[in-house]
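Inspection log for the structure reproduced underneath, given as structure tokens.
We name chains A, B, ... by the order of the sequence lines, and we start the count at 1 in each one.
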Amino acid sequence: MKFTKVYEPQQTEPEIYAIWETAGVFDVRPTKSALPYSIVMPPPNANGDLHIGHGLTLALEDILTRFHRLNNYDTIYIPGADHAGFETWVVYEKALEKIGKTRFDYSRDELYNQVWNFVAEQRGNMELQIRALGASCDWRNSTFTLDNKVVKTVYATFKRLWDEGLIYRGHKIVNYCTTHQTSFADIEVTHRDEVGKMWDIAYPVTGTNQEIIVSTTRPETMLGDTAVAVNPKDARYANLVGEMVTVPIANRIVPIIADEYVDELFGTGVVKITPAHDPNDYEVGKRHALDEITVIGFDGRMNEAAGEGFTGLTVEEARAKIVEELSAIGLLRNEKDIIHSVGHCYKCDSIIEPLLKDQWFLEVKPLAERAVAEIEKGSIKFFPEQKAKELIQYYKNLKDWNLSRQIPWGIPIPAFQNIDHPEDWIFDERVGESEIEVKGKKYRRDEDTFDTWFSSGQWPFITTNYPANQPSANPHESSITTLHHASPHHHEQTPHHTDRHHDKPPVVPASSSSAAANSISPPTHQNAGISVNDSHQNDDILVNDPAQTAADLMDNILARYYPLSVMETGSDLLYAWVSRMIMLGLYATDQVPFKEVYLHGMVLDEHGKKMSKSKGNVLSPMEIIAKYGSDAFRLGIVASRSAAQSQAFSPSKVLAGRNLCNKLWNIARFVQEQAGDNYENPVEEPNELKNIGEDWIIGQLNHARLTVEKMLHEYRFSEAGEQVYQVIWNDVADWFIETQKVFNNISLMTYVLEYCLKLIHPFAPFLSENIWQNLSWTNDTLAGQTWGGYINYDINKAKDFEEIRALVTEIRFVVADLSTTGKQTLMYGEDKLIAKNKDIIQFLARLKNARELGQSTGLRLANSGREAWLDIDAKTIAKYGDHLRERIDNAQKEIELLEGRLANKNYLKKAPAELVEETRKTLLEKTDMLERLNRELEATSA
RNA sequence: GGAUCUUUAGCUCAGUUGGCUAGAGCGCGCGAUUCACAUUCGCGAGGUCAUUGGUUCGAGUCCAAUAAGAUCCACCA
């Protein structure tokens, strides 16, 4: 007997995972008879511990994975690790700070190596935690976001975008964090309403005594003003348009211009225009060909252009000084508090400075339009559905995407700038060199790295090695080598790309990024897995090319898993990640990257509050696992959760999960004990169902299996889990096992146990595998098993057991309600069902005896409507009267309701016939019962 | 400014073609018990499904409005 009295997960979980890994059950084994099912793990950041959100992610994905594997899909779950450019960089800079260093103490390459080592260390830790959560992923295909194949593909996509004119070098206002010294995409800026001040400042109109009053929240930027603007329809200022004003302190003469951008009703209706420090002003400046004068540097301090006395001041200091000086010279007209929204760095909360900077931009419009078209066509199904609408909305307002980050940690942008002609940029992959020479011209490397979402956005086709960036028009023309090994030959064809409006697109054929491009064309999903052609080619590869390694073969085969079956991730990543994967997936592969999207909500603490370190309410998945076990965590976090809803995570659900594990453990312990330690009959099909309750349990289990299947196909994890819980606890443990204490049908018990193990395996893999390993008659691993067919049962016999259950429940209720002492005897009249099952009834209801008796005496069991009584003395029965009266009241109310419904002509006319029929039937039953209750009441009071 | 979501038992939440007695876990009350499990067993209490109006034979479920709470996007000189 290997079963301990209580299930102890902590001791055994790592061992169980090792069994799986050794057996290789998670390694994909492409089978032609099976349909592919694929999930790619959102790669966790390799810079620290997994948090509760990862716990939920992995639980959900692993449930889907194991469920499909169990149902004989050709299943793959691809794990990964994210270098997480900026995120990791922030973590690492903090570490540097601790040892008194900054990024400026090292070269870019030194920093890169340091972070590489840091991440390598963290990654191992992170991957252990993925295992602790039970994720059944194919580790052979684990992908790190800086792997060679990732960089290759990202470069190929970048190049193709460049060649097709969608990438441009833009001198634009970007969101800049002066603390982290990098720019951000719009989506990475957090806006928050704050109290600020608005100042009214008088600008003297040149050559007159007039002045014009502007309102601003950022007076320090006036040092960079190059115009003052009013609305063209604004009568108040119509005569001033075209005049010049003097910008105070800066003493710059600038024009008064008219532009629709200005809102007449806001403030004084006059806006100072600082093209270099405000995105809207920048647009106005473009329209009116204004100068762009940058007065704030990337260090967050005023630069030399700000002028004597301001250079070197921080923005705040400069603001105070400007206000003071304006006040001194009498040009400050008003100061008031306003609430306005201010952009902050989402990591360090510094105020984001809009600054002019040269960056690489991706023109997203054509990509977004295609994504919208596909979503509207229904090519991707969203769970929950409304997220599709939200995403379309987002796509429609999307602006060009700034791809450049001034962070050393990331994928270097493969672009070089001509030292002598700054306009001249070329694409080149020799990013390891800071300077290169091409055709006698010297080029300097762009020091920036890609926004991590640019590479993550290509994750589905990268991880599956799907041939990307092959223009479908001329598929046979793909030349592979030029891109990967930057040859001189290649550079001759490289376009000199200066701005988005370059003269003509270069003619280099876009190339494939991956070795898989040479190989078999990927199966479509319709034919995948069953295509003879496909498997035939696989065989060819094996036989004809002995030089090809298994890994190569795998590389080629992986492509069959694209598009992914489902993309499961947090709803907070809908815009940041999902939107990009769809756009880039469509662009690079001409297909949607996944067919379904399931978005989970945020995990809140048990009171519905956001978890945060400062609040001290952060729950660590590893701590919970240490305390209750991995399965309990999975069962608990999946419970009571629906798509994209932020929901509280209640430890009581984890506790319930742990108890369920213990329950099943003990069911197994009991079954093994009954079967005997040496029992070795493998379970094929149980022997004939001969005892009461046996047909019933098969029915319950089949129903549960079908329900779980249906629920999981609709991503209703919580309901699926609940079904598993209910059938194991309420049906198997409470009724089936109890009856089997009398019948002892070993082959059925083992069958039922295995059924339970398979049902719960996706949710509680460690426990179920542990039991499987411990049972004397099982082989291999549970994780590698598949479902057999459904077995038949007699539905009438199942119903008989329902009757018995109802009777037993009533007996228990009556006995509990009367709180009589001692055990009762059941007496029954002409009732074949009771007569046949009197022993089991006696056992289940804990009766003293059950015997047939012709005449009625004692307390009639009125609710079940059977000819059955309990031998309770008259005195005790009298106490039962109140209870009966209550029941009679209820029955009467129900009867009235039913009668009312049947009296309604419209109901009879419009409701479905079977429903009406059912109502009639129910009414009869209730009337019948009322009669019995009344008779009983008479008897008790007599 | 635009959009989305939430409001169901003391707590946290399920409830998907509208169908008749609205479910779960925890908590609560009463009772039981030593061999599968106290991480247990039996029984029970607890809900005008935010409010109002509408559609319908029938509404927690659909529609409209209101209230409270949350989130996202845009942007405010």
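A/D281 has its CG atom 13 Å from the C1' atom of B/C75, to the nearest Å. Here B/A70 presents its C1' atom at 11 Å from CE of A/M602, a figure rounded to the nearest Å. The interatomic distance linking A/L712 (CG) with B/U16 (C1') rounds to 15 Å, in whole Å.
Environment of CZ in A/R846: sparse, with no more than 12 heavy atoms of neighbouring residues, nucleotides or ligands closer than 6.0 Å.
Base-pair partner of B/G69: B/C5 (Watson-Crick or G-U wobble, both distances under 3.5 Å). Using Watson-Crick or G-U wobble geometry with both donor-acceptor distances under 3.5 Å, B/G29 finds its partner in B/C43. Using Watson-Crick or G-U wobble geometry with both donor-acceptor distances under 3.5 Å, B/A64 finds its partner in B/U52.
Between A/V214 and A/T268, the closest heavy-atom pair is CA-OG1, 3.8 Å.
The CG atom of A/L331 lies 12.5 Å from the CG atom of A/D200; values are rounded to the nearest 0.5 Å.
For A/F383 and A/Y598, the gap between ring centers reaches or exceeds 6.0 Å.
Contact annotation for A/V671: no contact, since no heavy-atom pair falls under 4.0 Å across all strands. Nucleic acid contact class of A/Y575 (heavy atoms, under 4.0 Å, all strands): sugar-phosphate only.
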